[in-house]
Amino acid sequence: MGGNKEAKTQHKRLTPYPVFVFFFCSFLLLKPVKLNARQDDVEEDNDEYHPVNDIYQTAFWIYDCYLTPAQQARLGDGSHGIMRNLTKYRNRRNGPGFAHAVDEFNKVIKELKANGEITKNAKHLRHPTYDLTCHILYQVYSRTVAHQADALNNYQAFSNYVYGEINASLVNEFIAKTNITSKSVFMDLGCGIGNVVLQVAAQTGCESYGIEIMETPCKYAKRQLKEYATRMKAWSLPTGKVHFRHGDFLDTAANDMYTTMTRADVLLVNNYAFDATTNHSLAQMFLDLKEGTKIISLKSFVPKHHKINQRTLDMPESILKVEEFEYYSEAVSWTNNSGMYYVSTVDRSRLKPYYDALYSK
Ligand SMILES: *[C@@H]1O[C@H](CO)[C@@H](O)[C@H](O)[C@H]1NC(C)=O
Ligand SMILES: *[C@@H]1O[C@H](CO)[C@@H](O)[C@H](O)[C@H]1NC(C)=O
Ligand SMILES: *[C@@H]1O[C@H](CO)[C@@H](O)[C@H](O)[C@H]1NC(C)=O
Ligand SMILES: *[C@@H]1O[C@H](CO)[C@@H](O)[C@H](O)[C@H]1NC(C)=O
Ligand SMILES: *[C@@H]1O[C@H](CO)[C@@H](O)[C@H](O)[C@H]1NC(C)=O
């Protein structure tokens, strides 16, 4: 299964305190919590799981997203009542006080749940906001991948096998730029551990696919998907239709993803470190894409000097209309600097004048 044994033992599900009942699902802690120990700083280490903070943040998300103002009033707010107690005892690292506040919170939530009010509110939410999505995906990641991240770093630097991550806020921008909705089909070619695929599915409810050639990240993607489905259900949210495949996206005969690709509305290709052959072969496949498909990439598939003429009519570069955008610093895992990304839209109408000229001769 990869990962090291020691880490696994340490993170075994030791439960049972404080169990937090919400919708259909309980929060089980992944490791024993010493609430009085100084170990729950959020800043300490992003890959380390912090159960107290998880519960704390979850309580505030429930409060913000699932309750009406009248229902919120029963829990107080940042300055008084149960919500104030949660913050106060967490900040003071007072275990019993925090646990008591969680109990009080649960009492109110259980009551609202029992009379169907929360489920009614959840229906209005439809898809989670970007922020809530980040929280849920953090829950998913910390339970499936975080403590075994070392196994993922065994890649060959600067090859087709580089494992690179794109920041959730940049993915959020991709969603807006390419207009992904619940009716869209999205696909990530080289999806790694599947974060982008899950984020897009969560935020939009669309069909979302990922294919990954490396075995270990793909295994994690599938694990994340399982946890994601459970979590989304617990939050009463639709999962979208999500699939991961282990395979080579260039191997069109051996994977059913090729068919899916030809009906995709949006493709993501993190081709930052692709070699020339992979880049070229993939570009040839774009000739089979449907009209209007948008391809998001980290390097352009069309050289700036490319010109459409009778000699280049059959090349994939000629059917792509490219727009260039800038991403801010810290948006991608392989560099701290800002950089450019590209959205190419399949547009064959631009070839028509050239074909007309050809046939009118
Ligand atoms: C806040 O915590 C204190 C100490 O546990 C408790 O006495 C008080 O009732 C709590 N307030 C609310 C609104 O639950
Ligand atoms: C996104 O969709 C809306 C409504 O369908 C449309 O008005 C808008 O032009 C689209 N934007 C892009 C970038 O395609
Ligand atoms: C990728 O391939 C296309 C098509 O062969 C080519 O036009 C483009 O310059 C290549 N891009 C890079 C970054 O190698
Ligand atoms: C992603 O971006 C957000 C906001 O732009 C930033 O707070 C966060 O630190 C970034 N994450 C990484 C891993 O760079
Ligand atoms: C990014 O910045 C951090 C701290 O500022 C540094 O530790 C890290 O090595 C940098 N990473 C890259 C890829 O430059």
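Computed from a predicted structure; not experimentally measured. Whatever order the structure lists ligands and atoms in, that order sets their numbers, starting from 1.
Heavy-atom contacts of Glu317 reach the following atoms of ligand 3: 3 (C), 4 (C), 5 (O), 6 (C), 7 (O) (cutoff under 4.0 Å). Residue contact check: Ser300 has heavy atoms under 4.0 Å from atoms 11 (N), 13 (C) of ligand 3. Short contacts between ligand 3 and Ala283, defined as distances under 4.0 Å to a heavy atom of the residue, involve ligand atoms 4 (C). Every atom of ligand 3 is numbered from 1 in the order shown, and the set under 4.0 Å from a heavy atom of Phe301 is 3 (C), 6 (C), 7 (O), 8 (C). Contact atoms of ligand 3 toward Pro303: 7 (O), 9 (O) (distance under 4.0 Å to a heavy atom of the residue).
Any N or O atom pair closer than 3.5 Å counts here, and His280 shares at least one such pair with ligand 3.
Remark: Arg74 engages Glu111 in a salt bridge, criterion side-chain N to carboxylate O under 4.0 Å. Note on Glu212 versus Lys219: no salt bridge recorded, every NZ/NE/NH1/NH2 to OD/OE distance being 4.0 Å or above.
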Q.
Tyr341 vs Phe174, test: ring pair (Phe, Tyr, Trp, His ring centres under 6.0 Å). Steps then yes/no.
A. CA-CA 10 Å; Tyr341 70 91; Phe174 290 167; 4.9 Å; yes
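For the residue pair Asp256 and Thr259, no side-chain donor N or O sits within less than 3.5 Å of a side-chain acceptor on the partner. Judged by distance alone, the side chains of Asp347 and Ser349 do bring a donor and an acceptor atom under 3.5 Å apart. With 3.5 Å as the limit, one finds no donor-acceptor pair spanning the side chains of Thr144 and Tyr228.
Judged as a ring-ring contact (aromatic ring centres under 6.0 Å, His included), and not counting sequence neighbours, the contacts of Tyr209 are His243.
Between Phe60 and Tyr56, the ring-plane angle classifies as tilted under the 30° and 60° cut-offs.
The 4.0 Å heavy-atom shell around ligand 1 contains residues Gly81, Ile82, Asn85, Tyr89, His100, ordered by chain and number.
Heavy atoms only, all atoms of each residue included: Phe286 and Ile319 are closest at O-CD1, 3.7 Å.
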